[in-house]
Amino acid sequence: MGIDLSTLNPPQREAVASTEGPLLVLAGAGSGKTRVITFRIAHLMERGVSATNILAVTFTNKAAAEMRERVAHLVGEKRARSLTVSTFHSFGLAVLKKELHRLGYPKQFAILDASDQASLVKRVLKECNDADRRFDVRRVISLVSRAKMAGGSLRSLAGGDPAYDAIAREVYDRYQRALFNMACVDFDDLIMLPAQIWKKFPEVLEAYQWQYRYLLIDEYQDTNASQFELVKLLAGERQNICAVGDDDQSIYGWRGAEVEHILRFEKQFRGVKEVRLEQNYRSTGHILSAANAVIALNKQRKAKRLWTDQGEGERISVVVAPTEEDEARFVADEVQRLLYERTCRADEMAILYRTNSQARPLEEALQLAGIRYDTHGGLKFFDRKEVKDVIAYLRLCHNLQDDVSLARIVNTPARGIGDTTMERLHAQARAEGMHLFSVMRRAAQNPELGSAAVESVGRFVALIEKYRALIDTEGWSKAARELVREVDMYAECRRHVDSSAAAARKVENLEGLLGGIERFEERNQGEGVAGYLARLALDSRDEEPDDDGKGVTLMTLHSAKGLEWPVVFLCGMEEDLLPHSGMQGEVANPDEERRLAYVGITRARRKLFLTRAASRFKNGQPRPRTPSRFLDDIPAPLTEAVNLSDPAARKPVNLQTGKDFFARMRAKMTEGEGEG
DNA sequence: CGCCAATTATTTTTT
DNA sequence: ATAATTGGCG
């Protein structure tokens, strides 16, 4: 007993203590949001609410794990364990595991990841429109996904390019049917289908409403229509919902997120109480002023003004380098200097950027300087081709209807089943309404296939069936290892690669995968392949962090949301990059780009660098670059300019900054408060 | 018909 | 770096 609310400021305390009815907490960046959420949960439990009746939804699995941990710190490990803390997607999966059979799906189903989805849409596209393939697959996927995120309504497929709207409608139906026939769901289904089930079976919904009486949604500004519907259904008449978020940090519009949900919260629920957290505990005054100045220019928002009692702090360094290499070298030099002066540790610094492709030169510069760094996002372990291939084998063995996985590995390694044969099999499957594997079992009866093809297909069918059996008798981790050996994935790794070092890495990846599978099987006896595959799709956190967070962090602005560092470098402050512009040089959503800049600025606690290059390579040619419009929005007195083309201006600025900064950092670097 | 090597285009952001 | 595509060869 004894959640000490006296350490909270008045609005924070109000947010924690208002336990009944709809509550909107507008939590500015660095305003102690996570603390409020965890205290609120602990406070609820202290007042007698059972942990099993609380559902907290977060944006990432990492955030979920952290939140549970912090609640455990307050109420104890044991009580925290009965809490439900998860992402929308994991929660949806849990619901589907229990209820999806109600829509006629089999008990076991698989989750399609983004690239599986792409291959399926490609195939569907080929089937309906065919031939000239004038449609951009990515764009079609985005339209279909948008419709699903709008709760499965095709109404969103109007008003855009008519040709695309039309093809997307056609693809939508076929795609959904294909998913159903393959016993697969995609990411959007994890939200959309639970809502459908709840609407169709009120008694099921009631059971969930009965269980989850206290709802808490974090990062509410990033909910899409489908997620909103889910929440609204679950909240029911009771409307015991606490939404926490910051409209100024809504940066997932491209994923269907609608700021309107948070802006209009009070219209969507009855008797809403609103609390604003505006005191910032993270950043120094200059950084906050800059953030306020940038975000103030957005029209549609709940006006907030962050303030701090921490003093002005360092000025923001606005750095211009001749080229992107110079920019990267400056960042590396500066990091090295801060390390050398022992001003801060490597893990207290972050280098942020808009697009993953910007990471390259930065990584190279850091490597050259011998600085440890961790990249989050970008190329992930489970995206590696060889790893995905093994996963596809496992998925096919687990679910023979999974045509996407089958198509992926049917001829990897090459075994005499080429495009022509597959085309014929596909045609037959479509004609019969069967999945590929069942058609392949009867390949001998297909008059179109030559004898060589029939034999190859027969061998493949036998291979898969052998390993299906082996999974049952020997366990799936052993079967996986044996499969990798029998099909000789190691040779396959060597085949398509020039250097033996690259091949060795691939083999290492395979070993890592097999090791990971073994460990998972050991730890989760009951789960089986399905559990592993689901975890893989939903939680892409690396199984084993090789270098455990001791280096400088490199990540995109999107992944940086919710995190903070004493020193932040925000790179590529240029038009077309931040704000990012697409094909026709048009900025698709200027407001969102501005919020992105705001998120970046507010990640910094004590020192912020905004860097840009005067010239950057694009398509192999150096192109002159324009400074980001957001730089103009920051009042000059908050900044100090550093021009790397001008050697005279360079050193003194840094030295002066360093000395002053050093002293203040030392004094301030004691407490570490997380938040988002 | 399938295999392989060579060439070309493609990377916003992520559960 | 990786697909997807293409062309030549068996």
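Lettering of chains follows the sequences in order, A, B, ..., and the numbering in each one begins at 1.
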For atom CE of A:Met422 and atom C1' of B:dG2, their distance in whole Å: 14 Å

Value in whole Å for how far the C1' atom of B:dT12 lies from NE2 of A:His558: 7 Å

Residue whose closest nucleotide on DNA chain B lies nearer the 5' end, A:Thr420 versus A:Glu592: A:Thr420

Nearest-nucleotide pick for A:Asn61, side chain only, options being B:dT12, B:dT15, C:dA4: B:dT15

Distance test, side-chain N/O of A:Ser456 to OP1/OP2 of B:dG2, below 4.0 Å: no

Residues A:Asp633 and A:Arg629 bridged, charged N to O under 4.0 Å: no

Pairing of A:Glu229 and A:Lys232 as salt bridge, 4.0 angstrom limit: no

Residue closer to the 5' end of DNA chain B, A:His580 versus A:Ala114 (nearest nucleotide): A:His580

Partners passing side-chain hydrogen bond (donor to acceptor under 3.5 Å, both in side chains) against A:Gln428 (at least two apart in sequence or in another chain): A:Glu432, A:Asn446

Residue A:Phe187, side-chain atoms from C-beta onward, closest of C:dT2, B:dT12, B:dT15: B:dT15

Ion pair check, A:Asp403 and A:Arg123, cut-off under 4.0 Å: no

Partners passing side-chain contact (heavy atoms from CB on, under 4.5 Å) against A:Ala392 (at least two apart in sequence or in another chain): A:Ser405, A:Arg408, A:Ile409

C:dA4 phosphate, OP1 or OP2, under 4.0 Å from A:Lys122 side-chain N/O: yes

Contacting residues from residues 140-149 of chain A, given that a heavy atom lies under 4.0 angstrom of DNA chain B: none

Integer-rounded Å distance: B:dT14 C1' and A:Gln227 CD: 12 Å

Value in whole Å for how far the C1' atom of B:dT14 lies from CG of A:Leu596: 13 Å

Residue A:His89, side-chain atoms from C-beta onward, closest of B:dT15, C:dA4, B:dG2: B:dT15

Residues A:Lys33, A:Asp246: salt bridge by 4.0 Å N-O rule: no

A:Arg408 CZ to C:dA3 C1', straight-line distance once rounded to whole Å: 10 Å

Nucleotide N/O to protein N/O under 3.5 Å, stretch nucleotides 3-6 of chain B:
| unit_1 | atom_1 | unit_2 | atom_2 | d |
| --- | --- | --- | --- | --- |
| B:dC3 | OP1 | A:Gly416 | N | 2.6 |
| B:dC3 | OP2 | A:Asn411 | ND2 | 2.8 |

Separation of B:dG2 C1' from A:Leu449 CG (nearest whole Å): 14 Å

Distance in angstrom units between A:Asp222 CG and B:dT13 P, rounded: 17 Å

Nucleotide nearest A:Ala453 when distance is taken to its side chain, options B:dT12, B:dG2, B:dT13: B:dG2

Whole angstrom value for the distance that separates C1' of B:dT10 from CZ of A:Arg360: 14 Å

Sugar-phosphate, base or nothing in reach of A:Tyr252, heavy atoms under 4.0 Å: sugar-phosphate

Residue list, side-chain contact (heavy atoms from CB on, under 4.5 Å) with A:Thr87, at least two apart or on another chain: A:Thr58, A:Asn61, A:His89, A:Ser90

Shortest side-chain distance from A:Trp254, nucleotide among B:dT14, B:dT11, C:dA4: B:dT14

Residues which pass side-chain hydrogen bond (donor to acceptor under 3.5 Å, both in side chains) with A:Glu593, listed by chain and number, not counting sequence neighbours: A:Arg354

Listed nucleotide nearest any side-chain atom of A:Ser559, set B:dT14, C:dA3, B:dT12: B:dT14

B:dT15 OP1/OP2 closer than 4.0 Å to side-chain N/O of A:Asn224: no

Electrostatic pair A:Arg360-A:Glu364, nearest N-O below 4.0 angstrom: no

Within 45° cone of A:Tyr175 ring axis and under 6.0 Å: A:Lys148 NZ or CZ: no

